[in-house]
Student: 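Here it is, the structure in full.
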Amino acid sequence: MIDILQQKQQLRHQLKSLRSQFNQSHYQYTPPLIQNILSFISAVCSQEDVIACFWPLEGEADLRPLMHELHQQSYKVALPKTPVKGNPLTFYSWYPSAAMEEGRYKTIYPNTEIVEPNFILVPLMGFDRKGNRLGYGGGYYDRTLQHFTEAKSAGIAFSYQEVTTIPTEPFDFGLSAIITELEIIYT
Ligand SMILES: Nc1nc2c(c(=O)[nH]1)N(C=O)[C@@H](CNc1ccc(C(=O)N[C@@H](CCC(=O)O)C(=O)O)cc1)CN2
Ligand SMILES: Nc1ncnc2c1ncn2[C@@H]1O[C@H](COP(=O)(O)OP(=O)(O)OP(=O)(O)O)[C@@H](O)[C@H]1O
C-alpha cells in the first residue's frame, strides 16, 4: 500500500529546503503577489467582509503591507490563533494598533476580540493545479475550512511552490483558487 503520510512528509521536506533556497529573494515577488490578492479580494469581497490573513512564519510571504492596505480600504482584517492540535483555528480582529502575542509554533496573533472570517487566505508549503495544498502538517487549515463552511478562501503561494501532484487524503480540503505573484489559478 502506498503510504500517503510518508509521501507528504517527504514532499514537505523537499519544499522546506526549496523555500529556504528562495528565502533571500522573496521580497521582490511580494508586491506583485499582494497586488494579485488585492484584485481577487476586490472582485469577491464586500467592504463589510472580515478577511483572514496570516502573520508570516519563516520563509512565507509577508502579508503585513496587504493587511495595512486592507485596513485603510475599510475592510476588517483578522489573524488566526493556533489552538491545541485537532481544533480549527480561531480568528481575532487585527488593526495597526492591536497588541500582538506569541502563540503555538511561534505564530503571532492579536490579543483582541474574536471574529468570524468571510474570506480566508490560506498559507501553504506546496500546491498543485487541482487546488490541493500541503501545509505544515498540523491539519489546521483543513479543519478550519471545514468549520467555516460559509467562508470563501484562496491559497497564497509563490509560483516556485507549485508541484505536479500533491498526495491527498480524504479530509484534505481542496482550494478553489490559488494566488501567486504570477497569476490567479482557478481550480
Ligand atoms: N503564517 C502562518 N500561520 C499559521 C500557519 C501557517 O502555515 N502559516 N498554520 C498552518 O497550519 C497554523 C499553524 N500551524 C503550524 C503547525 C506546525 C508548525 C511547525 O513548526 N511544526 C514543526 C513541527 C512541530 C511538531 O509537529 O512537533 C515543524 O514543522 O518543524 C508551524 C505552524 C496557523 N497559523
Ligand atoms: N478534517 C480532519 N479531520 C480529522 N483529521 C484531520 C483533518 N484534517 C487533518 N487531519 C489530521 O491532521 C494531519 C495533518 O494533515 P495534513 O497533512 O493535511 O496537514 P496540512 O494541511 O499540511 O497542515 P496545515 O493545514 O496545518 O497547514 C493528518 O494526518 C490527519 O490525521
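Whatever order the structure lists them in is the order used to number ligands and atoms, beginning at 1.
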Student: With clusters defined by side-chain heavy atoms of hydrophobic residues (ILVMFWY) lying less than 4.5 Å apart, directly or transitively, does I51 cluster with Y141?
Tutor: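 Hydrophobic grouping puts Y141 with I51.
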Student: For K8, counting its heavy atoms only, list the atoms of ligand 2 lying under 4.0 Å from any of them.
Tutor: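 Taking each heavy atom of K8 in turn, ligand 2 has 16 (P), 17 (O), 18 (O) under 4.0 Å.
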Student: Need the ligand 1 atom indices (1-based, order shown) with element for anything under 4.0 Å from a heavy-atom of W55.
Tutor: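 Taking each heavy atom of W55 in turn, ligand 1 has 1 (N), 2 (C) under 4.0 Å.
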Student: Quiz question for you: does at least one protein heavy atom lie closer than 4.0 Å to atom 23 (C) of ligand 1?
Tutor: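 Looking at atom 23 (C) of ligand 1, one finds that no protein heavy atom lies closer than 4.0 Å.
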Student: Of the backbone atoms (N, CA, C, O) and the side-chain heavy atoms from C-beta on, which set of T107 has a member under 4.0 Å from an atom of ligand 1: side chain, backbone, both, or neither?
Tutor: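 Side chain only.
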Student: Heavy-atom contacts under 4.0 Å between E60 and ligand 1: side chain, backbone, both, or neither?
Tutor: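 Only the side chain of E60 comes within reach of ligand 1.
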Student: Hey, could you give me the CZ/CZ distance between F173 and R143, rounded to the nearest 0.5 Å?
Tutor: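 If we round to the nearest 0.5 Å, F173:CZ and R143:CZ are 14.0 Å apart.
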Student: Can you hop from I184 to I156 via hydrophobic side chains spaced under 4.5 Å?
Tutor: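 Result: yes, single cluster for both.
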Student: Could you establish whether K85 and ligand 1 come within less than 4.0 Å of each other, counting only heavy atoms on the residue side?
Tutor: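 For ligand 1, residue contact (heavy atoms, under 4.0 Å) with K85 is present.
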Student: Would Y136 count as a polar contact of ligand 1, with the cut-off being nitrogen or oxygen pairs under 3.5 Å?
Tutor: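 So ligand 1 has no N or O lying under 3.5 Å from an N or O of Y136.
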Student: Can you tell if the side chain of L134 reaches within under 4.5 Å of the side chain of V163, non-hydrogen atoms only?
Tutor: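 They are not in contact (no side-chain heavy atoms under 4.5 Å apart), so the answer is no.
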Student: What I want to check is whether the side chains of Q10 and Q6 have a donor and an acceptor closer together than 3.5 Å.
Tutor: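 Side-chain D/A pair, Q10 to Q6: absent.
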Student: Among all protein heavy atoms, pick the one closest to atom 21 (N) of ligand 1 and tell me residue, atom and distance.
Tutor: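 For this ligand atom, the closest protein heavy atom is Y105 CD2, 4.0 Å.
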Student: With the threshold set at 4.0 Å, does a side-chain nitrogen-carboxylate oxygen contact exist between E183 and R129?
Tutor: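 Looking at R129 together with E183, the answer is yes, because their closest N to O distance falls below 4.0 Å.
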Student: Which residue holds the protein heavy atom closest to atom 14 (C) of ligand 2, what is that atom called, and what is the gap in Å?
Tutor: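 Nearest neighbour among protein heavy atoms for atom 14 (C) of ligand 2, to 0.1 Å: G137 O, 3.1 Å.
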Student: Can you figure out which of K85, R133, R143, Q9 has its heavy atom closest to atom 11 (C) of ligand 2?
Tutor: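 Of the listed residues, R143 has the closest heavy atom.
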Student: Do NZ/NE/NH1/NH2 and the carboxylate oxygens of K130 and D128 come within less than 4.0 Å?
Tutor: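 No, no charged N to carboxylate O under 4.0 Å.
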Student: Of the listed options (Q146, R12, E169, H147), which comes nearest to atom 17 (O) of ligand 2 when hydrogens are ignored and any heavy atom counts?
Tutor: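 It is R12 whose heavy atom sits nearest to atom 17 (O) of ligand 2.
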Student: Under 4.0 Å from ligand 1, counting heavy atoms only, is it the side chain of K16, its backbone, both or neither?
Tutor: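 For K16, the contact with ligand 1 is made by the side chain alone.
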Student: Starting from atom 15 (O) of ligand 2, what is the nearest protein heavy atom, named by residue and atom, and what distance separates them?
Tutor: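 Here the closest protein heavy atom is G139 CA, 3.6 Å.
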Student: Going from CD on E48 to OG on S74, what distance comes out if it is rounded to the nearest 0.5 angstrom?
Tutor: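 Output value for this atom pair is 10.0 Å.
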Student: Considering only protein heavy atoms, which is closest to atom 22 (O) of ligand 2, and at what distance to one decimal place?
Tutor: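 Nearest protein contact, heavy atoms only, for atom 22 (O) of ligand 2 is G135 N, 2.7 Å.
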Student: Verify the contact flag for atom 15 (C) of ligand 1, where contact means a protein heavy atom under 4.0 Å away.
Tutor: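 So far as the 4.0 Å threshold goes, atom 15 (C) of ligand 1 is in reach of a protein heavy atom.
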Student: Begin with the C-alpha distance, continue with both residues' side-chain angles, and end with the deciding distance and a verdict on ring pair (Phe, Tyr, Trp, His ring centres under 6.0 Å) for F148 and F91.
Tutor: CA-CA 11 Å; F148 295 102; F91 292 89; 5.7 Å; yes
Student: CD/E150 to CD/E116 distance, rounded to the nearest 0.5 angstrom?
Tutor: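 It is 9.0 Å, given to the nearest 0.5 Å.
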Student: Is the shortest side-chain heavy-atom distance between L11 and P167 below 4.5 Å?
Tutor: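 In short, these two side chains touch, coming nearer than 4.5 Å.
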Student: Would you kindly specify which portion of L124 sits under 4.0 Å from ligand 1, judged on non-hydrogen atoms: side chain, backbone, both or neither?
Tutor: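 For L124, no heavy atom sits under 4.0 Å from ligand 1.
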Student: Any non-hydrogen side-chain atom of Y109 less than 4.5 Å from a side-chain atom of E101?
Tutor: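 Yes - at least one pair of side-chain heavy atoms lies under 4.5 Å apart.
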Student: Is the shortest side-chain heavy-atom distance between L57 and Y105 below 4.5 Å?
Tutor: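 No - every pair of side-chain heavy atoms lies 4.5 Å or more apart.
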Student: Does ligand 1 have any atom that is closer than 4.0 Å to a heavy atom of P123?
Tutor: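 Yes, that is the case, since the closest heavy atom of the residue is under 4.0 Å from the ligand.
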Student: Look up atom CD in Q7 and atom OG1 in T168, then write down how far apart they are to the nearest 0.5 Å.
Tutor: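 Taking CD in Q7 and OG1 in T168, the distance rounds to 9.5 Å.
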Student: A side-chain contact here means heavy atoms from C-beta on lying under 4.5 Å apart; do P110 and Y95 qualify?
Tutor: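 In short, these two side chains do not touch, never coming nearer than 4.5 Å.
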Student: Could you work out, for atom 31 (O) of ligand 2, the closest of Y141, F173, F171 by heavy-atom distance?
Tutor: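 It is F171 whose heavy atom sits nearest to atom 31 (O) of ligand 2.
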Student: Look only at interatomic distance and state if L134 has a nitrogen or oxygen under 3.5 Å from any nitrogen or oxygen of ligand 2.
Tutor: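 Among all N and O atoms of L134, none is under 3.5 Å from an N or O of ligand 2.
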Student: Of all the heavy-atom pairs spanning S46 and Y75, show the shortest one and how long it is.
Tutor: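 Shortest heavy-atom separation between S46 and Y75 comes out as O-CE2, 3.5 Å.
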Student: Of all the non-hydrogen atoms in the protein, which one sits nearest to atom 13 (C) of ligand 1, and at what distance?
Tutor: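 The closest one turns out to be T82 OG1, 3.8 Å.
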Student: How far is atom 9 (N) of ligand 1 from the closest protein heavy atom, and which atom is that?
Tutor: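 Here the closest protein heavy atom is Y141 CE1, 3.7 Å.
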Student: Please indicate whether any nitrogen or oxygen in Y140 is less than 3.5 Å from any nitrogen or oxygen in ligand 1.
Tutor: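 By distance alone, the answer is no.
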Student: May I ask whether M125 has any heavy atom positioned less than 4.0 angstrom from an atom of ligand 1?
Tutor: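 It does not, in that no heavy atom of M125 comes within the 4.0 Å cut-off of ligand 1.
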Student: Which of the numbered atoms in ligand 2 are under 4.0 angstrom from any heavy atom belonging to Y136?
Tutor: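 Per the distance check, 22 (O), 23 (O), 27 (O).
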Student: So which protein heavy atom does atom 26 (O) of ligand 2 come closest to, and at what separation?
Tutor: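 Ranked first by proximity to atom 26 (O) of ligand 2 is Y140 N, 2.9 Å.
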Student: Show me which atoms of ligand 1 lie under 4.0 Å from any heavy atom of L89.
Tutor: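 Counting atoms of ligand 1 from 1, those under 4.0 Å from L89 are 33 (C).
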Student: For ligand 2, which atoms, with element, lie under 4.0 Å from some heavy atom of L5?
Tutor: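 Answer, ordered by atom number: 29 (O).
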Student: Hey, is atom 27 (O) of ligand 1 touched by any protein heavy atom at less than 4.0 Å?
Tutor: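 Given the 4.0 Å limit, the answer for atom 27 (O) of ligand 1 is no, no protein heavy atom qualifies.
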Student: Answer yes or no: is there a donor N or O on one side and an acceptor on the other, between the side chain of R19 and the main chain of E58, under 3.5 Å?
Tutor: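 At least one qualifying donor-acceptor pair exists.
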Student: For ligand 2, which atoms have a heavy atom of D172 less than 4.0 angstrom away?
Tutor: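 Answer, ordered by atom number: 18 (O).
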Student: Counting only heavy atoms closer than 4.0 Å, does ligand 2 sit against the backbone of M125, its side chain, both, or neither?
Tutor: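 For M125, there is no contact with ligand 2 at all, from either part.
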